[in-house]
Amino acid sequence: MEKSTFKRLRFLPRLFRTEDVEKLVPHPAIFISRALKNGLIHRLMRGHYVNSFLHDFPRVETVGCFLRPPAYVSGEWALNYHGISLQSPVVCTVITLSPAVGKCRNIPYQGVTIEFSRISSALFTGFIRVDDYYIATPEKAILDTLHLRKSLPAGDELELDNIDIETMNNMAQKFPLSVTRRLHALRNKLVASP
């Protein structure tokens with residue numbers, strides 16, 4: 001591989017798009033094809049790449065948020081991150097405003113499936129920045145999971161002691177009534193259990 005290729009790779013970030021390459025080289029398709037063939041970059045999906053020659057592979061959360069901006073991680077992945085669920089998820093749910101969602105749009109990455117779910121802009125709140133990605137707060141992760149999955153995983157094994165009930169109730173008001181009902185049923189179950 002010629003020195004100019006390595007030099008150009010230095011100007012590309014860890015995660016990049018075809019448009020980033022177009023700013024650096026006169027023939028981006030040829031550059032990308034050769035870099036892929038030589039293992040210098042890896043394709044995540046069409047037009048989205050990892051600069052694996054100069055950088056480590058990024059975290060699953062970082063990749064998910066990069067692929068469908070604006071986006072944040074939620075669902076079971078966020079529940080595990082916050083210590084609410086002790087089950088290790090194999091699917092990283094990324095909430096986005098992008099219409100490119102559904103099972104056919106799932107991306108396998110580092111032994112995990114990155115799944116994209118669209119949410120209305122009115123519900124696109126309740127997340128925080130961690131390193132170079134966004135993740136739902138504990139309360140929002142519960143609500144998103146009830147909204148998208150209809151229930152929480154292993155509901156009887158969840159650690160809900162540190163959940164701010166008032167914050168969650170306020171957030172729930174923006175969700176459909178079905179989510180409020182599921183949340184109410186979850187609270188009743190928690191109060192009834194010893």
Side-chain angles (χ1 to χ4, degrees), residues 1-83 87-138 140-141 144-145 148:
M1 204 79 206
E2 57 192 57
K3 286 183 182 178
S4 64
T5 299
F6 298 126
K7 189 184 280 187
R8 288 176 174 141
L9 283 171
R10 285 194 189 109
F11 289 102
L12 290 171
R14 181 168 61 167
L15 292 167
F16 65 93
R17 295 177 175 87
T18 302
E19 301 86 65
D20 299 318
V21 178
E22 290 170 349
K23 297 172 188 171
L24 293 176
V25 298
H27 305 290
I30 294 171
F31 175 85
I32 289 171
S33 176
R34 288 181 180 163
L36 282 168
K37 183 178 176 185
N38 288 297
L40 302 175
I41 65 174
H42 285 84
R43 178 181 283 124
L44 295 167
M45 58 182 267
R46 185 177 180 189
H48 297 73
Y49 305 90
V50 176
N51 188 348
S52 51
F53 176 70
L54 291 178
H55 304 280
D56 291 334
F57 280 87
R59 295 176 58 113
V60 171
E61 301 93 336
T62 303
V63 169
C65 290
F66 169 74
L67 292 174
R68 298 274 191 280
Y72 66 94
V73 175
S74 193
E76 294 88 346
W77 197 275
L79 293 174
N80 177 265
Y81 174 86
H82 291 297
Q87 293 185 345
S88 296
V90 293
V91 173
C92 178
T93 302
V94 176
I95 307 292
T96 180
L97 297 176
S98 168
V101 298
K103 286 191 180 198
C104 64
R105 305 292 179 113
N106 290 354
I107 304 288
Y109 179 74
Q110 304 288 314
V112 172
T113 298
I114 301 174
E115 170 188 279
F116 301 96
S117 294
R118 187 175 187 186
I119 202 165
S120 75
S121 57
L123 300 177
F124 197 79
T125 62
F127 50 88
I128 56 172
R129 186 174 180 89
V130 175
D131 297 326
D132 54 357
Y133 64 91
Y134 293 95
I135 191 163
T137 62
K140 185 62 168 26
D144 284 342
T145 306
L148 298 170

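Just so it is clear, the values below take in all heavy atoms, side chains as well, and ignore hydrogens, waters and symmetry mates.
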Below 4.5 Å, heavy atoms only, C-beta onward: do [X] and [Y] meet side chain to side chain?
X      : Y      : value
Leu9   : Phe11  : no
Asp131 : Glu61  : no
Val94  : Ile114 : yes
Phe31  : Leu24  : no
Ile119 : Phe124 : yes
Val101 : Ser117 : no
Tyr49  : Leu12  : no

Q. Which of parallel (below 30°), tilted (30 to 60°) and perpendicular (above 60°) describes Phe66 and His48?
A. perpendicular
Q.
Using 30° and 60° as the class boundaries, would you call the ring planes of Phe57 and Tyr109 parallel, tilted or perpendicular?
A.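 It falls in the tilted class, 30° to 60°.
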Q | Side chain Asp144, main chain Ser74, donor-acceptor under 3.5 Å | A | no
Q: Output yes when a side-chain donor or acceptor of Thr137 lies under 3.5 Å from a complementary backbone atom of Phe127, and no otherwise.
A: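 A pair under 3.5 Å: no.
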Q.
By the salt bridge (Lys or Arg N to Asp or Glu O under 4.0 Å) test, which pairs, at least two apart or in different chains, include something from residues 64-79?
A. Glu76-Arg149
Counting only heavy atoms from other residues, nucleotides and ligands, does the tally under 6.0 Å from [atom1] of [X] exceed 12?
X      : atom1 : result
Arg129 : CZ    : yes
His55  : NE2   : yes
Phe116 : CZ    : yes

Q.
Distance alone, cut at 3.5 Å: any donor-acceptor contact between the side chains of Asn106 and Thr113?
A. no
Q | Audit row: Ile128, Tyr72, side-chain contact (heavy atoms from CB on, under 4.5 Å) steps and yes/no | A | CA-CA 8 Å; Ile128 56 172; Tyr72 66 94; over 6 Å; no
Q) What residues, two or more places apart in sequence or in another chain, satisfy side chain to side chain donor-acceptor pair (under 3.5 Å) together with Asp20? A)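 Partners of Asp20 by the side chain to side chain donor-acceptor pair (under 3.5 Å) criterion come out as none, since no residue qualifies.
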(Q) Let's go through Val63 and Gln110 carefully: what are the C-alpha distance in whole Å and the side-chain angles of both, what is the deciding distance for side-chain contact (heavy atoms from CB on, under 4.5 Å) to 0.1 Å, and is it a yes or a no? (A) CA-CA 10 Å; Val63 169; Gln110 304 288 314; over 6 Å; no
Q | Step-by-step side-chain contact (heavy atoms from CB on, under 4.5 Å) determination, Phe53 to Asn51 | A | CA-CA 6 Å; Phe53 176 70; Asn51 188 348; 4.3 Å; yes
**Q.** Tyr81: side chain to side chain contact (heavy atoms under 4.5 Å, CB included) partners, not counting sequence neighbours
**A.** Val130, Tyr133, Ile135
